[in-house]
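See structure below.
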Amino acid sequence: MVKYEPNATAIIGGAWGDEGKGKVASRKAKEADLVIRATGGANAGHTVVFEGKKLALHLVPGGIVYPQTTCLIGQGVVIDLNVLLKEIKQLEGLGIPRVRERLKISGRAHVVFPFHKDLDELYEIMKDNPVGTTKKGIGPAYADKDNRIGIRMYDLLLNLDELEKKIEQETRIHNILFMNIGISYIKSSSELVHEFHSFGIVFKDMIVNADHLVDEFTRKEKNIVVEGAQAYRLDKDFGDYPNVTSSNCVTDGALIGAHLNHKDLKETIVVLKAYFSRVGNGPFPTEQPAHIQDDKVTEYSDEEAYNGDIIRKYGHEFGATTKRPRRTGWFDCVLVRSSKRALGPDFLCINHLDTLGKIGKDVGFIQLCVAYDYQGVRIDYYPDDMELTHEVPKPIYHWFRGGWDIPSSLRNYEDLPEQAKKYIETIEIQTGIPVKYIGVGPDNEDLIVREDIE
Ligand code: IMP
């Protein structure tokens with residue numbers, strides 16, 4: 001058998017998403033030949049910058065801004081074709097070269113239909129404890145995939161009759177549900193078939209056998225970057241079920257979604273923020289009190305701000321996709337330590353170290369969670385039976401006095417303020433994972449890379 005060196009870098013969210021994976025992904029994509037989006041759908045979002053102009057992407061890999069890359073939307077993604085087409089047009093509008101030529105879509109990726117979004121909303125209404133989904137139809141689209149009635153990108157290339165048969169089968173089951181609760185939501189399959197057959201014509205040249213495409217790159221030992229979506233605690237197996245997304249967004253799930261296997265993986269970079277945030281419901285041990293109710297910020301003055309409000313203010317913590325105010329809290333080393341089982345990290349990237357310094361100055365201190373008090377016992381791992389005990393673990397904190405200032409132009413680790421270095425080094429000791437990348441400002445370039453860490 002011919003052996004080749006593994007050449008894929010996976011970039012994976014380490015907590016509940018929104019860690020700023022785009023920054024390190026963009027750094028890595030600069031030298032990449034193939035950039036792959038592996039899981040999730042339009043529930044994810046990150047900003048790309050091209051010649052000073054910014055654009056929020058939900059489906060197209062951010063690596064598209066680099067003209068040498070081929071970009072693939074892999075089999076693990078569920079695709080909202082209206083969103084995808086809008087993004088392609090926006091990218092072309094920015095002057096990014098050969099977007100339709102360089103963007104490839106796995107023929108096995110599944111399609112999100114408008115009724116999936118309606119179902120997402122309906123299921124949330126019907127649940128005793130709603131998850132707080134993004135309402136982008138993600139769960140219902142994956143459910144149809146699991147139920148083997150989903151429509152794949154390849155199906156859009158079928159003739160009208162064959163496609164209509166498939167759509168009719170998929171909608172039949174859902175229509176019963178809609179009828180039972182007295183609404184006729186779903187367009188008939190004959191209406192949908194024309195719309196989605198037209199999408200087939202638009203995307204025809206981008207739809208590929210992605211196993212074969214990826215093979216071309218792995219065999220030639222080309223640089224591959226896998227852009228993960230969502231994060232460790234949102235994974236449907238490892239995460240805070242049921243408050244999770246509907247995909248396996250940990251490293252191995254991302255590999256499957258990207259048409260790769262474990263032998264292709266060279267390194268895994270786990271991305272976190274120097275403080276934590278979460279949108280949607282579910283446990284968050286280090287969460288700080290804030291003026292948020294039902295996804296809305298309630299009235300308060302600066303003098304009355306809770307620590308959670310202060311973190312949200314400096315971090316601009318509002319959902320990129322949903323605009324919801326995010327819940328915020330301190331960095332949790334216990335969670336990161338526990339994530340090693342799921343993520344197999346080589347390095348950490350810690351974003352927003354500059355923001356944390358400002359938060360510390362305003363609050364007067366910074367806390368770093370190093371252990372939990374759970375059921376009256378000190379533990380050093382993330383428990384998975386909180387629904388059973390009805391208890392969220394209480395963090396045991398390491399304290400740092402005040403905060404720090406970091407100019408976004410700073411690139412040398414040694415030049416960081418002593419307290420900030422101590423903070424990073426405490427994370428390394430507590431988690432056992434080296435921090436190779438540190439975000440110090442809003443732009444993609446505002447990143448310290450510790451080249452001495454290998
Ligand atoms: P869904 O993925 O829309 O089904 O939402 C399930 C849960 O995952 C909700 O709590 C969402 O807020 C959360 N979620 C999904 N995508 C993201 C993301 O990209 N960042 C942060 N949270 C997300």
Side-chain angles (χ1 to χ4, degrees), residues 11-23 25 37-48 56-62 76-80 83 87 110 112-127 129-146 227-250 253-254 257 270-273 275-284 287 292 294-296 312 315-329 335 351-352:
I11 294 160
I12 307 293
W16 288 284
D18 309 312
E19 297 92 353
K21 294 179 278 291
K23 179 178 280 198
R37 170 72 192 274
T39 57
N43 50 351
H46 62 259
T47 307
V48 294
L57 291 180
H58 301 282
L59 286 163
V60 177
V77 180
V78 287
I79 305 178
D80 182 328
V83 174
E87 284 181 12
H110 280 243
V112 176
F113 281 86
F115 58 79
H116 287 131
K117 287 184 246 178
D118 296 334
L119 282 166
D120 203 348
E121 217 158 338
L122 265 181
Y123 286 141
E124 282 285 275
I125 292 167
M126 291 192 295
K127 281 173 199 158
N129 297 305
V131 173
T133 73
T134 59
K135 309 218 170 65
K136 301 289 175 190
I138 307 301
Y142 278 120
D144 280 359
K145 175 177 181 178
D146 282 356
E227 287 184 2
Q230 287 82 45
Y232 163 55
R233 296 250 38 100
L234 291 174
D235 181 271
K236 67 176 179 175
D237 286 298
F238 283 101
D240 303 310
Y241 190 90
N243 296 109
V244 293
T245 192
S246 303
S247 62
N248 282 118
C249 38
V250 294
V270 170
V271 186
L272 292 150
K273 283 188 288 216
Y275 56 86
F276 275 21
S277 73
R278 170 165 204 170
V279 259
N281 303 326
F284 183 175
E287 181 173 13
I292 302 179
D294 297 332
D295 282 342
K296 302 236 162 28
R312 190 182 65 245
H316 308 293
E317 291 296 339
F318 290 87
T321 300
T322 57
K323 314 282 178 243
R324 291 184 281 176
R326 294 181 184 139
R327 301 157 64 194
T328 55
L335 183 152
N351 283 323
H352 277 290

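Atoms within a ligand are numbered from 1 in the order they appear, just like the ligands themselves.
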message: Please report whether ligand 1 has a polar contact with Thr245, defined as an N or O pair separated by less than 3.5 Å (distance criterion only).
response: yes
Value rounded to 0.5 Å, distance of OG1 in Thr133 from OH in Tyr123: 12.0 Å
message: Show me which atoms of ligand 1 lie under 4.0 Å from any heavy atom of Val279.
response: 10 (O), 12 (O), 21 (C), 22 (N)
Sub-4.0 Å heavy-atom contact, Lys136 with ligand 1: no
message: Only heavy atoms of Gly132, strictly under 4.0 Å: list the atoms of ligand 1 that pass.
response: 9 (C), 10 (O), 11 (C), 12 (O)
task: Using a strict cut-off of 4.0 Å, indicate which atoms of ligand 1 neighbour a heavy atom of Trp16.
output: 21 (C), 22 (N)
query: How long is the gap from CZ on Phe115 to CG on Leu122, to the nearest 0.5 Å?
result: 13.0 Å
message: If I apply the N/O under 3.5 Å rule, does Asp120 come out as touching ligand 1?
response: no
- line: Rounding to 0.5 Å, atoms CG (Asp80) and CD1 (Ile138) come to a distance of 8.0 Å
query: Is the closest heavy atom of Arg324 to ligand 1 under 4.0 Å?
result: yes
query: Out of curiosity, Asn248 CG to Asp237 CG, how far, rounded to the nearest 0.5 Å?
result: 4.5 Å
message: List ligand 1 atoms under 4.0 Å from Gly280, heavy atoms only on the residue side.
response: 10 (O)
- prompt: In Å and rounded to the nearest 0.5 Å, what is the CG to NZ distance from Asp18 to Lys273?
  reply: 5.5 Å
- prompt: At under 4.0 Å between heavy atoms, which part of Asn43 makes contact with ligand 1: side chain, backbone, both or neither?
  reply: both
- prompt: Does Asn243 have a non-hydrogen atom less than 4.0 Å from ligand 1?
  reply: no
message: So for ligand 1, is Lys135 a polar contact partner (N or O within less than 3.5 Å, distance only)?
response: no
Closest non-hydrogen atom pair, Arg233 against Trp16: CB-NE1, 3.2 Å
field: Backbone or side-chain N or O of Asn281 under 3.5 Å from ligand 1 N or O
entry: no
- request: Search all heavy atoms of Val77 against all heavy atoms of Gly41 and return the closest pair with its distance.
  value: CG1-CA, 4.4 Å
Exercise: identify the closest heavy-atom pair between Glu19 and Gln230: OE1-O, 4.4 Å
Contact partition for Val244 relative to ligand 1, non-hydrogen atoms under 4.0 Å: backbone
message: To the closest 0.5 Å, what do you measure between OG1 (Thr39) and CG (Asp235)?
response: 9.0 Å
